[in-house]
Number of protein chains: 2
Amino acid sequence: MKKPTISDLAQAAGVSKTTVSHAFSGRRHVDPETRERIEKIAQEIGYRPNRAAQHLRTGRTGMIALASSMPFSVAAGPSRLGFLMEIAATAAVASLTRNMALCLIPPFQSGAQLDAITPDGVILVEPFQDDPLVQHFTGLGVPVVSVGRVPGREDIPHVDLNSGATARMVLEHLRASGATRIGLVTGEQRRNSYIETEAAYRAFCDEIGIEPACLQLNESGGEDLAAEAVASLLSRRGDIDALYVPVDAFASGAVTAAASKGLKIPQNIRLATRYDGLRAKLSRPPLTAVELHLEAIADLAVGLLMAAIDGEVAGPVSAPQPELVLRASTAS
Amino acid sequence: MKKPTISDLAQAAGVSKTTVSHAFSGRRHVDPETRERIEKIAQEIGYRPNRAAQHLRTGRTGMIALASSMPFSVAAGPSRLGFLMEIAATAAVASLTRNMALCLIPPFQSGAQLDAITPDGVILVEPFQDDPLVQHFTGLGVPVVSVGRVPGREDIPHVDLNSGATARMVLEHLRASGATRIGLVTGEQRRNSYIETEAAYRAFCDEIGIEPACLQLNESGGEDLAAEAVASLLSRRGDIDALYVPVDAFASGAVTAAASKGLKIPQNIRLATRYDGLRAKLSRPPLTAVELHLEAIADLAVGLLMAAIDGEVAGPVSAPQPELVLRASTAS
DNA sequence: ACCGTTTAGCAAATCGGTTTGCACGAATCA
DNA sequence: TGATTCGTGCAAACCGATTTGCTAAACGGT
């Protein structure tokens with residue numbers, strides 16, 4: 001009771017394997033009548049092409065991979081998982097409709113592990129400069145696209161997150177809500193979103209004539225590190241009355257820091273973050289955040305990747321306009 | 001500049017393909033000296049076996065799939081994502097170390113989508129009775145293991161979550177913290193954890209002689225539905241002074257409901273949930289929850305699946321002892 | 001010296017598709 | 001009528017591994 005092969009089907013339909021193959025792939029014309037007969041019989045005997053055989057011949061594996069260079073379960077963990085998972089969920093659907101499987105790459109460990117997987121293409125979520133994942137896959141000749149530009153690698157197609165514009169939007173909102181001294185907390189890794197955000201922030205400070213107050217934290221430190229670092233920043237710079245903290249785990253830390261300093265949100269200090277996940281929503285008070293449209297972004301990324309796999313040189317694509325989600329943490 | 005094949009390597013090493021194959025797989029003995037030479041040359045020319053060819057020959061695809069029958073991104077979304085993703089993260093690592101790729105199956109849609117993927121095995125997270133995913137894969141002859149028993153399918157290997165014991169533990173804790181009338185909120189779908197939990201709950205009520213108060217909610221309704229339903233329950237049964245709400249999204253709803261009724265947690269009503277994710281941690285007050293050891297569970301599930309794929313008939317395995325995580329929501 | 005047993009390695013078949021080159025008849029054209 | 005094209009389909013090569021059956025040499029025991 002083995003699974004029927006293309007030969008079985010060909011025999012049952014009284015045609016050759018070639019014809020069956022063409023009937024399915026459409027790479028050559030076959031008589032509509034013949035094709036219909038083949039399809040009908042295929043249904044009956046329950047034929048489904050063997051993926052491995054297809055892949056061997058075509059040189060494709062039929063799978064694309066999704067990876068984030070953020071620590072996966074450690075430290076920044078749960079919040080980042082939300083971000084990645086929202087993308088994963090949509091990407092999985094998008095892949096499947098294109099007849100591809102989406103598989104998960106846990107954070108880079110020994111590197112040898114990565115050999116187990118030979119995807120047709122990879123989506124990297126917010127890689128940083130000289131990210132080993134980028135190097136691994138491009139070195140293998142595997143097409144890579146990223147969510148967020150890869151610093152220093154303009155050649156890699158990506159979905160542009162418009163982090164500069166996003167930062168601008170948030171900063172202006174903070175000011176409109178009454179803030180006069182705004183600080184910024186990002187991460188140490190040179191991810192493009194940080195770079196753009198910082199640039200936009202400095203430009204903004206210049207314009208309105210305030211002294212920049214930047215913090216770059218080690219992402220593995222997570223919420224606790226942020227709580228500590230922000231508290232110390234607030235001690236040094238007592239004039240700060242607002243913070244933009246794109247990484248939501250850090251934003252949680254900032255909430256803790258504010259509380260420890262006896263500062264009320266938003267009365268004494270306003271707080272906005274970027275990823276509108278559970279943290280932002282469940283925080284007390286809930287945090288103003290940015291709707292990034294991750295589903296759309298994931299869709300775009302998959303589309304880009306498919307094009308790249310097909311050898312098309314697609315330029316970067318812009319994510320949909322991000323939107324502010326106003327919450328109590330920045331109420332004026 | 002094509003990738004070297006086994007033939008190239010064999011030629012370079014002055015042996016046959018067979019010897020190379022055996023050198024790598026170890027399925028037959030090869031002279032250690034020869035093997036070393038082969039490995040060295042493989043390094044030099046950058047040989048890596050073609051997965052597709054291996055799969056074709058061995059009949060394996062080298063990928064296992066992870067699926068949850070919970071709505072993936074809708075409704076209960078983010079919280080569930082945490083649960084699934086914690087498992088996914090560990091499972092991905094566990095798979096990769098076994099030279100397998102882990103791929104994600106988004107929630108059952110048309111069914112036709114699922115054809116794109118032919119995994120060697122599948123891990124299902126808390127499937128319910130007559131779950132279409134179970135039927136799809138077992139029908140295809142693909143080994144299935146589940147996290148949480150599959151009701152009505154004792155033949156499917158699973159990691160037992162000991163939901164009955166967990167419920168007992170939580171209920172006893174609630175009572176110890178001062179509760180006298182405890183209610184239970186679960187989901188409509190017939191997942192084993194609900195079934196066991198309800199049974200343990202009824203037994204518990206019987207024992208201590210209290211009237212059971214159960215709610216079964218549609219999981220797609222998520223937090224909002226729970227808020228509504230729990231509020232109405234609290235109106236009907238004003239005597240209730242504690243709730244065990246295993247699904248964390250529902251627990252969030254219960255928090256809202258309590259607030260809307262003017263009930264203070266834990267003074268007027270105690271609240272405990274199961275999955276110790278962001279919701280439980282970030283809730284105000286933070287919720288007592290259960291450390292399920294999801295990483296260990298995921299590891300066990302992958303192990304079970306590998307055994308099943310290798311044709312071993314492994315019985316169910318028990319998850320590590322769950323532990324209560326005490327938080328303010330049940331302080332006495 | 002003989003026979004049985006390891007040991008090391010090879011050639012060839014195999015997995016199930018896709019793709020190429022060719023054949024044959026019918027239709028079109030000069 | 002002969003040449004050319006088109007439509008349809010087939011046989012065979014091919015993708016790159018694994019696995020089977022076999023050979024030949026080395027070894028050991030009697």
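Just so it is clear, the values below take in all heavy atoms, side chains as well, and ignore hydrogens, waters and symmetry mates. Order of the sequence lines sets the chain letters (A, B, ...), proteins ahead of strands, with each chain counted from 1.
- S16(A) has a side-chain polar atom (N or O) that falls below the 4.0 Å cut-off from OP1 or OP2 of dC10(D).
- Atom CD of Q11(A) sits in a sparse spot, with 12 or fewer heavy atoms from other residues, nucleotides or ligands closer than 6.0 Å.
- With sequence neighbours excluded, no residue forms a side-chain hydrogen bond (donor to acceptor under 3.5 Å, both in side chains) with H29(B).
- Every salt bridge (charged side-chain N to carboxylate O under 4.0 Å, His left out) that D310(A) has, sequence neighbours left out, goes to R60(A).
- Of the residues in residues 17-29 of chain B, T18(B), T19(B), R28(B), H29(B) come within less than 4.0 Å of DNA chain C through at least one heavy atom, sorted by number.
- E33(B) CD: 12 or fewer foreign heavy atoms inside a 6.0 Å radius.
- Residues from residues 31-55 of chain B placing a heavy atom under 4.0 Å of any atom in DNA chain C, listed by number, are D31(B), T34(B).
- Between the side chain of S25(A) and the main chain of S21(A), a donor-acceptor pair closer than 3.5 Å is present.
- Following rounding to the nearest Å, I6(A) (CD1) and dC15(C) (P) show an atom-to-atom distance of 15 Å.
- With axes fitted over five pairs at each extremity, the angle between the ends of the helix from dA1(C)-dT30(D) to dA30(C)-dT1(D) is 40° (10° resolution).
- Residue-environment remark: CD (E36(A)) stays at or below the threshold of 12 foreign heavy atoms within 6.0 Å.
- For residues 132-149 of chain B, the salt bridge (Lys or Arg N to Asp or Glu O under 4.0 Å) pairs, not counting sequence neighbours, are R149(B)-E154(B), R149(B)-D160(B).
- Shown are L305(B), D155(B), I156(B); of these, the side-chain contact (heavy atoms from CB on, under 4.5 Å) with V144(B) is made only by I156(B).
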